[in-house]
Asks: 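The structure under discussion is supplied below as structure tokens; questions concerning it will follow.
Computed from a predicted model, the values in this text were never measured in an experiment.
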Amino acid sequence: MSVRYSPLFIVTRFFAISLLLTGSSEVISAETLRVTRDLQVFYSFDQSQGAYIKDRSGVGQPLDLKIDHPASVEWKSDRLQILKPTMIISSAPAVKIISAVQRSHSLSVEVWLKPVDLLQDGPARIVSLSNNSNLRNFTLGQDKQKYDMRLRSTSTSANGIPSTSTTDKTVKTTLTHVVFTRDAYGTASIYINGKQVQQQKVKGKLSNWDKNYRLILANEVTGDRPWLGEFHLLALFSRALTPSEVLQNYQAGPHPPSSPKLTKAEIIAAENRWLFETHIAPLFAKHCLDCHDSAARKGQLDLSLKSAVLKGGESGAVLVPGNSDTSLLWKQVHSGEMPPSGDSLTGLQKSLLKQWINGGANWSIEKLDPALYRHASPTGSYWLQRLTVPEYIETVRASVNVDIEKEARDLLPPDLRTDGFSNTAYNLNVDLKHIEIYARLAEIIVDRMDVLDFASRFSKSRKLSTDETMRKFVADMGKWMLRGPLSDREISTYSGIATTVASTGGNYREAVGLIIEAMLQSPRFIYRIENQRGNGGNRPVGAYELASRMSYIIWGAPPDRELMQAADSGRLQSPEVAVKQVQRMLLDSRARSRSQLFASEWLHLDRLNHLRPASHKYPKWDQILASDMHEESLAFFHEIIWEQNRPVADLFNAQFSYLTPRLAKHYGIKPLGPGLRKYDLTAIPSRGGILSHGSILTIGGDDASMVTRGLFILEDVLRGTIKSPPAGLDITPIPSRPGMSHRGIAEQRIANAECSGCHSRFEPLAFGLEKFDGLGVFHERDQFNNLLREDGEILFPGEAKPVAYDSCAALMNLLANSPRVQQTMTWKITQFSLGRPLTAADARDLEQIHNSANKAGGTYASLITAIILSDLVQKTRTENQHAEKGE
């Protein structure tokens, strides 16, 4: 079978991959140097004929314009001349422009034009998004010798008054570049030929733009504001261009050359490159690297490095670009020899591999990391996330000041742990049981509230009215409780409750209580819901969406009033404002609680609640000791992260801990006194770092299994991958005996050819922990008097050779200083922050987060700040509303 892709599909991904690899955040043509980031529509007026003007932006559904009277215009080779009054108007409302501007509260209108004279007034409409002479979202017009911009906001009239105008004698009858910009802070500017000529404040938000208005050129919809002249270029953006960007587009000129056409060879290369990065690289990572990475190199073949692949293996070259028939790699896959075990390749995978080789075998990634391909789900596609139980509790507490923790934890089903965390979005389902419990909890919450006092925060009225007073009350209270403005339909729905109560003789308190109860059961309260509508690409998240992302990442709770005010002002998307908010929020005690929840989930500390060691082997074990171990790890984490503000990687080798007297005795350390106290462990090097805590060492079970301890280090510390054991394999732990310690048993497994491929990757990681028994007590000899060791070697994922260590302390230092471990902590904290698995598509953003945090010290605070400022939080991938079925 053969898999082919359309030219548009290929070219789109070609440019997407190019941007990804170059790190550009803007789409800039190499020839024209035009800035086009956040472009919404683009008209070049160079089609030379026809009654329609094509939207060439390539963004979403094209917004083409129709010339109402084609005889009134004359097409030139690179412009359109308006000779007589006519309308050039979109057939449908300009929804994609309006929606984008409503989200960003900013825009730019750029036009290259040449007025026919200096007498046109009204103002004469150059470009408008309006309904008639008195209702508009914006209009750029000519008022004799001035340019005038009317912009509708929540602080101006529906006609866009007061307007922003240039001084007199600005308009010339020569070809002119005119740009109007308005940023989210309300600063409006007009530029003429690259120079700013006017600036003033246009306060308010642009959320009140009417979505029914159409885009029109050279007139008003009513036909009574004609403009005559030449159009050379028109572009609309959903953000304010900077002065340097305005100058850049001015210098690009009015007639940028057409986008360069890709040759057939370039199209094939683009397709081949995209095919590798989306299909072939994940295929190699899943099926090949266990045997053919830098460490294993079976047959002397390393498929993890581009340079190594080009060298081939012991049989010579394995790839012949353009010819699968002579490529050894294809021959072995086609014959079924490869992969030799595990899941065989499907017919589709084989077809894609053959197609990739025949297309040129473009290996565009220097080093393949299997961890990148563990999850194939598309990044950014989680627009609906149910609140976890802790988040629900904190959201109720922050929203209505009611503590519902006991009831919520008793009644709600526990969140299930998936991919290492219990806040993984795809696993946060809601069933009928949840719905019934949320209804019951809503009743309890309202019963505990002082409803009238809460209502007074939003309205001083106590009248059970059904007029605009109630609607405003509902809108204000709903915005607070549901973390963003309500739609008219939502306001009507909630206000209708008051109407019903009034009609049945109820009172104000009853009505408000029922409205609150309904809001507490709303999907907008129980879920974090975001707008996913778009063109399939990335766009900035809305201000209130960003506020919720920030608050739930940092606090696990909803935005507070200051954060909501920042969203109201439109300033939250500013990096400077966002950083100040993050710094403020990190001082809140909820930030510490949230970080400790991360630590508990990452280390799976709740496991201690269910730990039941064999009583004959560990007769002194009880839940009090389990609780002490739990407290030790969280107090240690808190000290490193918050009190000392040290790099996160210091968790692995810091020479202190927090112990109760009982836990100290358990470890063989002399107690310092009652309660949980800080202990200096510099004289006990084996106790340095989180991995020497009983809470972690108990992962090995009663027999201190090197398998489970090693797997924990591999997967949760080194971000390594390993296949599951073959089905039917007996994995019952082999007990130690006289003359054979657990390490000796592990070394036998590693020496076994059938086992070594996997076990050599993770069991040596636990060798340094052999002296700790199943409950973390340090011994020089085991129960059979076998001498125990703490030397070993560590193979960092992606490296060819292991690094030796001679003690537990040396192992901890290797981990703390390892770039791989430091990157793992970035990944783990980011994964918990986003509430979803990370994929190869996130790699570039994660690298930027990691580098930014490291420059700021590699602390938890620097990591959270970098995550908040990253595109993973600032932007969202939209769902293509206009995609063709089956595309």
Asks: Which atoms form the tightest heavy-atom contact between Leu714 and Ile722, and what is the distance?
Replies: CD2-CB, 4.0 Å

Asks: Working to the nearest 0.5 Å, report the span between NZ of Lys620 and NZ of Lys665.
Replies: 9.5 Å

Asks: Run Asp606 and Arg417 through salt bridge (charged side-chain N to carboxylate O under 4.0 Å, His left out) and show every step you take.
Replies: CA-CA 11 Å; Asp606 285 348; Arg417 180 181 169 89; over 6 Å; no

Asks: Would you check, one step at a time, whether the test salt bridge (charged side-chain N to carboxylate O under 4.0 Å, His left out) holds for Asp806 with Arg789?
Replies: CA-CA 9 Å; Asp806 59 9; Arg789 296 163 56 185; over 6 Å; no

Asks: Let's go through Phe652 and Ser818 carefully: what are the C-alpha distance in whole Å and the side-chain angles of both, what is the deciding distance for side chain to side chain contact (heavy atoms under 4.5 Å, CB included) to 0.1 Å, and is it a yes or a no?
Replies: CA-CA 10 Å; Phe652 293 98; Ser818 163; over 6 Å; no

Asks: Please check if the side chain of Thr708 supplies one atom and the backbone of Ile699 the other of a donor-acceptor pair under 3.5 Å.
Replies: yes

Asks: Can you tell me if His375 uses its side chain to pair, donor with acceptor, with the backbone of Thr839 under 3.5 Å?
Replies: no

Asks: Any donor-acceptor pair under 3.5 Å linking the side chain of Arg820 with the backbone of Arg719?
Replies: yes

Asks: Using modelled atom types and a 3.5 Å cut-off, is there a donor and acceptor pairing between side-chain atoms of Trp602 and backbone atoms of Phe421?
Replies: no

Asks: Any side-chain to backbone donor/acceptor pair from Tyr618 onto Gly774? Under 3.5 Å, distance only.
Replies: yes

Asks: Counting N and O atoms only, with roles assigned by atom type, does the side chain of Thr830 sit under 3.5 Å from a partner on the main chain of Thr826, one being a donor and the other an acceptor?
Replies: yes

Asks: Do the side-chain N and O atoms of His638 and Arg592 include a donor-acceptor pair separated by under 3.5 angstrom?
Replies: yes

Asks: Hydrogens and angles aside, do Thr660 and Asp628 bring a side-chain donor and acceptor to less than 3.5 Å of each other?
Replies: yes

Asks: For Ser304 and Ser294, test the side chains for any donor-to-acceptor distance below 3.5 angstrom and give the result as yes or no.
Replies: yes

Asks: Minimum heavy-atom separation for Val707 and Arg749, please, with both atom names.
Replies: CG2-NH2, 3.9 Å

Asks: Do Tyr667 and Glu632 meet the criterion of a side-chain donor-acceptor pair at a distance under 3.5 Å?
Replies: yes

Asks: Do His666 and Met629 touch side chain to side chain, with heavy atoms closer than 4.5 Å?
Replies: yes

Asks: Between Leu697 and Gly776, which heavy-atom pair has the shortest distance, and what is it?
Replies: CD1-CA, 3.6 Å

Asks: Pairing donors with acceptors under 3.5 angstrom, does anything connect the side chains of Arg612 and Gln623?
Replies: yes

Asks: Can any side-chain N or O of Ser600 pair as donor or acceptor with the backbone N or O of Gln596 at less than 3.5 Å?
Replies: no

Asks: Would you give the length of the straight line joining atom CG of Asn817 to atom CE of Met812, rounded to the nearest 0.5 angstrom?
Replies: 13.0 Å

Asks: Over 60° means perpendicular and under 30° means parallel, so classify the ring planes of Phe637 and Phe598, tilted if in between.
Replies: tilted

Asks: Measure from the ring center of Tyr860 to the ring center of Trp642 and say whether it is less than 6.0 Å.
Replies: yes

Asks: Could you give the distance from CZ (Arg607) to OG (Ser695), rounded to the nearest 0.5 Å?
Replies: 7.0 Å

Asks: So, Asp703 and Ser705: side-chain donor and acceptor under 3.5 Å apart, yes or no?
Replies: no

Asks: Output yes when a side-chain donor or acceptor of Glu601 lies under 3.5 Å from a complementary backbone atom of Ser422, and no otherwise.
Replies: yes

Asks: Do any N or O atoms from the side chain of Ser862 and from the backbone of Thr859 form a donor-acceptor pair under 3.5 angstrom?
Replies: yes

Asks: Which word best sums up how the rings of Phe636 and His693 line up, parallel for under 30°, tilted for 30 to 60°, or perpendicular for over 60°?
Replies: perpendicular

Asks: Give a yes or no on whether the ring-centroid distance for Phe276 and Trp363 is below 6.0 angstrom.
Replies: yes

Asks: Strictly under 6.0 Å, is that where the ring centroids of His759 and Phe762 end up?
Replies: yes

Asks: Can you tell me if CD1 on Ile624 sees more than 12 non-hydrogen neighbours from other groups inside 6.0 Å?
Replies: no

Asks: Between Leu711 and Glu763, does the side chain to side chain contact (heavy atoms under 4.5 Å, CB included) criterion hold? Intermediate values first, please.
Replies: CA-CA 7 Å; Leu711 284 172; Glu763 285 204 76; over 6 Å; no

Asks: Distance from Asp680 atom CG to Ser657 atom OG, nearest 0.5 Å?
Replies: 11.0 Å

Asks: Do we get Lys678 above Phe656's six-membered ring, with its NZ or CZ under 6.0 Å from the centre and within 45° of the axis?
Replies: yes

Asks: Is there a side-chain contact between Pro390 and Asp415, using heavy atoms and a 4.5 Å cut-off?
Replies: yes

Asks: What is the minimum heavy-atom distance between Leu765 and Gly710, and which atoms define it?
Replies: CD1-O, 3.7 Å

Asks: Would you call Ile867 and Leu872 a side-chain contact if the rule is heavy atoms closer than 4.5 Å?
Replies: no

Asks: Is the shortest side-chain heavy-atom distance between Phe767 and Asp791 below 4.5 Å?
Replies: no

Asks: Flag yes if more than 12 heavy atoms outside Lys311 fall under 6.0 Å of its NZ atom; otherwise flag no.
Replies: no

Asks: Give a yes or no on whether the backbone of Thr418 and the side-chain of Thr424 come within a donor-acceptor separation of less than 3.5 Å.
Replies: yes

Asks: Looking only at heavy atoms, what is the nearest atom pair of Asp302 and Asp293, with distance?
Replies: OD1-C, 3.3 Å

Asks: Could you check Leu634 against Leu605 for side chain to side chain contact (heavy atoms under 4.5 Å, CB included), going step by step and ending with a plain yes or no?
Replies: CA-CA 9 Å; Leu634 290 185; Leu605 297 183; 3.8 Å; yes

Asks: Any cation-pi pair here, Arg677 with Tyr658, using under 6.0 Å and within 45°?
Replies: no

Asks: Tell me, with the steps shown, if Arg662 and Asp622 meet salt bridge (charged side-chain N to carboxylate O under 4.0 Å, His left out).
Replies: CA-CA 11 Å; Arg662 182 172 179 184; Asp622 58 25; 2.7 Å; yes

Asks: State, yes or no, whether a side-chain contact exists between His779 and Lys771 at a heavy-atom distance under 4.5 Å.
Replies: no

Asks: Could you state the interatomic distance from CG (Asp842) to OG (Ser870), rounded to the nearest 0.5 Å?
Replies: 9.0 Å

Asks: Would you tell me whether Glu790 and Ser686 have side-chain atoms, one donor and one acceptor, within less than 3.5 Å of each other?
Replies: no

Asks: Between Ser833 and Ile553, which heavy-atom pair has the shortest distance, and what is it?
Replies: O-CG1, 3.3 Å

Asks: Is there a side-chain contact between Glu391 and Arg594 (heavy atoms, below 4.5 Å)?
Replies: yes

Asks: Does a donor on one side chain sit under 3.5 Å from an acceptor on the other, for Tyr426 and Asp419?
Replies: yes

